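Below: one structure, written as structure tokens.
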2 protein chains.
Amino acid sequence: MNIGDVANKTGLPAKTIRYYEEIDLIKPLRDTNGYRQFRDQDVHKLAFLGRARTLGFTIEDCRALLALYEDESRASADVKRIARDHLSQIEAKIADLRAMRDTLSHLIEACAGDTRPDCPILKDLGGKS
Amino acid sequence: MNIGDVANKTGLPAKTIRYYEEIDLIKPLRDTNGYRQFRDQDVHKLAFLGRARTLGFTIEDCRALLALYEDESRASADVKRIARDHLSQIEAKIADLRAMRDTLSHLIEACAGDTRPDCPILKDLGGKS
DNA sequence: CCTTGACCTTCCCGTGACTGGAACCCTCAT
DNA sequence: ATGAGGGTTCCAGTCACGGGAAGGTCAAGG
């Protein structure tokens, strides 16, 4: 299979697939004309990576998860630890964003949003209570 | 005032302050020895920028907000539009993260996390329901 | 007067995970 | 022969800085 077909199958852009090869996440074969030849296992790995990325795992997490995936004698505790660490990062981000959202939405509510210059948003940013 | 004092006052790293000058957000004066000389207005702008950044506005948003801040004849509608656009981006991010969190936490709950290789997390990533 | 240490300066590279684009090669149909 | 539509490599850019090197400046102490 050529890279275009794999891109279609996995939903990953060809650029991303090449990038994943460059950083040694996958090692597709090469045809005599220099084209990448993807086996089913490559496609499967790419699907795995795509799914892990949509769950927000970093590339390095993905690398570790992929290694565990291929290791028949893994301990599920290792997988779970990676996932839990990631989850706590996500929760921290959500908390940050929620704080921003709350502040922002209050300010927006307080702003008339008309042609006059008076603006509580700018007042807040300017540090004037 | 030198950059260190300003960094202390505003809580922004000196590196960040230099960067903000480089991209023309602020224009501090220069002393004869080449040191940056910050006026109160510079410090005030930096505080404004710091606050806007903690609310998650991009640098370009900050540039626009700063321009409006300095424009006495602004319309608060312009400020509000920027803030609302930003708010909707934040909400989109929160939604994304929540989806990740929900999926992840279910998977983590289902994973024994012991020495056995069997792992629902990897099963999900591998696409095997 | 000299040194020490804490400042300050510029400059360049690295980050994460790609994306865009240039310049070029391969293949097949017309 | 030519054109369209694949593929290839390589380089630059993204965003908002942070790290670190190499060197100039300043105030205090010996």
Side-chain angles (χ1 to χ4, degrees), chain A residues 1-38 42-43 45-46 48-66 82 85-86 89-90 93 96-97 100, chain B residues 1-38 42-43 45-46 48-66 85-86 89-90 92-93 96-97 100:
Chain A
M1 249 193 306
N2 285 348
I3 200 168
D5 309 318
V6 178
N8 276 338
K9 272 207 179 188
T10 61
L12 296 171
K15 278 269 186 189
T16 298
I17 297 173
R18 291 196 194 96
Y19 174 65
Y20 287 173
E21 184 192 17
E22 194 190 325
I23 62 174
D24 296 316
L25 283 176
I26 52 165
K27 302 189 197 304
L29 305 176
R30 290 296 177 132
D31 222 336
T32 50
N33 58 9
Y35 286 20
R36 288 170 183 80
Q37 264 307 332
F38 294 85
D42 298 317
V43 178
K45 273 196 197 182
L46 285 167
F48 181 101
L49 291 168
R51 177 101 179 106
R53 293 287 299 128
T54 70
L55 287 180
F57 285 104
T58 66
I59 289 288
E60 287 317 305
D61 280 346
C62 289
R63 193 189 303 281
L65 289 171
L66 205 46
I82 293 174
D85 288 356
H86 178 45
Q89 304 232 4
I90 286 177
K93 266 189 205 165
D96 281 1
L97 288 170
M100 291 180 195
Chain B
M1 247 194 307
N2 285 347
I3 201 167
D5 309 317
V6 178
N8 274 339
K9 271 207 179 186
T10 61
L12 295 171
K15 278 271 186 187
T16 299
I17 298 173
R18 292 195 193 99
Y19 174 66
Y20 287 172
E21 184 192 17
E22 194 190 326
I23 63 173
D24 296 318
L25 284 177
I26 51 166
K27 302 188 197 306
L29 304 174
R30 291 296 178 132
D31 222 335
T32 51
N33 56 12
Y35 286 20
R36 289 170 182 81
Q37 262 308 332
F38 295 85
D42 297 318
V43 178
K45 273 195 198 183
L46 285 168
F48 181 101
L49 290 168
R51 177 101 177 104
R53 293 285 300 127
T54 70
L55 287 180
F57 286 104
T58 65
I59 290 286
E60 288 317 305
D61 279 346
C62 289
R63 193 189 302 282
L65 289 171
L66 205 46
D85 288 356
H86 177 45
Q89 303 232 6
I90 286 177
K93 264 189 207 167
D96 280 1
L97 288 171
M100 290 180 196

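We use all heavy atoms of the structure for the numbers below, so side chains are in, but hydrogens, waters and symmetry mates are not. Note that this is a predicted model, so its numbers are computed, not measured. Lettering of chains follows the sequences in order, A, B, ..., and the numbering in each one begins at 1.
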Could you tell me how far apart [X] ([atom1]) and [N] ([atom2]) are, to the nearest whole angstrom?
X	N	atom1	atom2	value
A:Arg18	D:dC11	CZ	P	16 Å
B:Asp31	C:dT9	CG	C1'	13 Å
A:Asp5	D:dG5	CG	C1'	13 Å
B:Glu22	C:dT10	CD	C1'	10 Å
B:Glu21	C:dT10	CD	P	7 Å
B:Lys93	D:dC15	NZ	C1'	11 Å
B:Ile23	D:dC15	CD1	P	11 Å
B:Ile17	C:dT9	CD1	P	10 Å

Take nucleotides 16-26 of chain C nucleotide by nucleotide from the 5' end and write B, S or -, depending on whether a protein heavy atom sits under 4.0 Å from the base, only from the sugar-phosphate, or from neither.
-> -BBSBB----B

Could you tell me the separation between the [atom1] atom of [X] and the [atom2] atom of [Y], rounded to the nearest 0.5 Å?
X	Y	atom1	atom2	answer
B:Arg18	B:Arg36	CZ	CZ	5.5 Å
B:Ile26	B:Phe38	CD1	CZ	5.0 Å
A:Ile3	A:Lys15	CD1	NZ	10.0 Å

State, with a plain yes or no, whether a side-chain heavy atom of [X] is found less than 4.5 Å away from one of [Y].
X	Y	answer
B:Leu66	B:Lys45	yes
A:Arg53	A:Ile59	yes
B:Lys27	B:Glu21	no

A:Arg30 side-chain N/O to D:dT9 phosphate OP1/OP2 under 4.0 Å |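 Yes, because at least one side-chain N or O of A:Arg30 sits under 4.0 Å from OP1 or OP2 of D:dT9.
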
Output yes when at least one side-chain N/O atom of B:Arg36 is less than 4.0 Å from OP1 or OP2 of C:dC8, else no.
->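 Looking at the OP1 and OP2 atoms of C:dC8, neither is under 4.0 Å from any side-chain N or O of B:Arg36.
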
